[in-house]
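Comments concern the structure below.
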Amino acid sequence: MTGLDTIREKMRDYLEAQGISALCAFPMAGRTTEEPVVVVSLRQCDSSSAGFSNYLGQIWEGDSQSWQELYGQRVRLTIGLDLYAAMGSGEEGVRTAFDLLTAVLHKGGPEGLRLQNVSCGETTFDRQERRYRCPAQAVYDAMLYAVRREDGSFLDFEVKGDMKCEPCDQS
């Protein structure tokens, strides 16, 4: 399992903690509530090198009392945040929900993600869902990195925020 495997769940949990009703895109169940709901998906992940051959440097691991090498990539994640509102609330309910969502996203987000922009499309009526739908998305920058152990094996990749390079005391 990599750091990207749980990104939908982390975003859903963040939104829920901020008082916004949210679900992961799959399974489709759970959208029948009368209140607006945000459906979270991972739409796109673009990566680029973060160092020579993706080498980021070394960190001191206190538990193992050893230096460990970091490898990783910069990633740009496009997270789908589609809004669904009951028929009775109409487009106004969707727009109110989008305003609240935008305010919450600009306050912060899941740990390690840095918001770049939020956008939404046109509100339409989804006949299959019998609800109003507004496609929305947020674009985040992050680091996807892994630690290489002394034996050459890698730990699982994790999503983290921008790395701050500081001089290491190697005495």
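Applying the side chain to side chain donor-acceptor pair (under 3.5 Å) rule to Gln44 yields the partners Asp46; only residues at least two apart in sequence or on another chain are considered. Residues satisfying the side chain to side chain donor-acceptor pair (under 3.5 Å) criterion with Thr78, sequence neighbours excluded, are absent altogether. Applying the side-chain contact (heavy atoms from CB on, under 4.5 Å) criterion to Ala138, with sequence neighbours excluded, gives Leu81, Leu105, Leu115, Val118, Tyr140. Applying the side chain to side chain donor-acceptor pair (under 3.5 Å) rule to Arg76 yields the partners Asp141; only residues at least two apart in sequence or on another chain are considered. Not counting sequence neighbours, the partners of Ser41 by the side-chain contact (heavy atoms from CB on, under 4.5 Å) test are Ala25, Arg43.
In terms of heavy atoms, Cys120 sits closest to Cys134 at CB-SG, 3.8 Å. Here the shortest heavy-atom pairing between Val94 and Ala85 reads CG2-CB, 3.5 Å. Here the closest heavy-atom approach between residue Gly121 and residue Arg95 is recorded as O-NH2, 3.3 Å. The minimum heavy-atom distance between Leu83 and Ala97, with the atom names listed, is CD2-CB, 3.9 Å. Annotation for Ala136 and Phe98: closest pair CB-CE1, 4.1 Å, computed over non-hydrogen atoms. Taking all atoms of both residues into account, the shortest heavy-atom contact from Arg131 to Glu35 is NH2-O, 3.3 Å.
Following chains of ILVMFWY side-chain contacts shorter than 4.5 Å, one can reach Leu77 starting from Val104, so the two form part of one hydrophobic cluster. Leu113 and Leu42 fall within a single hydrophobic cluster, where Ile, Leu, Val, Met, Phe, Trp and Tyr side chains are chained together by heavy-atom contacts under 4.5 Å.
Using a cut-off of 4.0 Å between Lys/Arg side-chain N and Asp/Glu carboxylate O, Arg12 and Glu16 are scored as not salt-bridged.
Within the 4.5 Å cutoff, no side-chain heavy atoms of Val40 are placed close to those of Ile7.
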Item to complete: Walk me through it: do Gln73 and Met143 pass the test side chain to side chain contact (heavy atoms under 4.5 Å, CB included)?
Response: CA-CA 6 Å; Gln73 295 185 323; Met143 293 289 292; over 6 Å; no
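The distance from the CG atom of Leu15 to the NZ atom of Lys10 is 14.5 Å, given to the nearest 0.5 Å.
Applying the ring pair (Phe, Tyr, Trp, His ring centres under 6.0 Å) test to residues at least two apart or on different chains, the pairs with a partner in residues 107-138 are Phe125-Tyr132.
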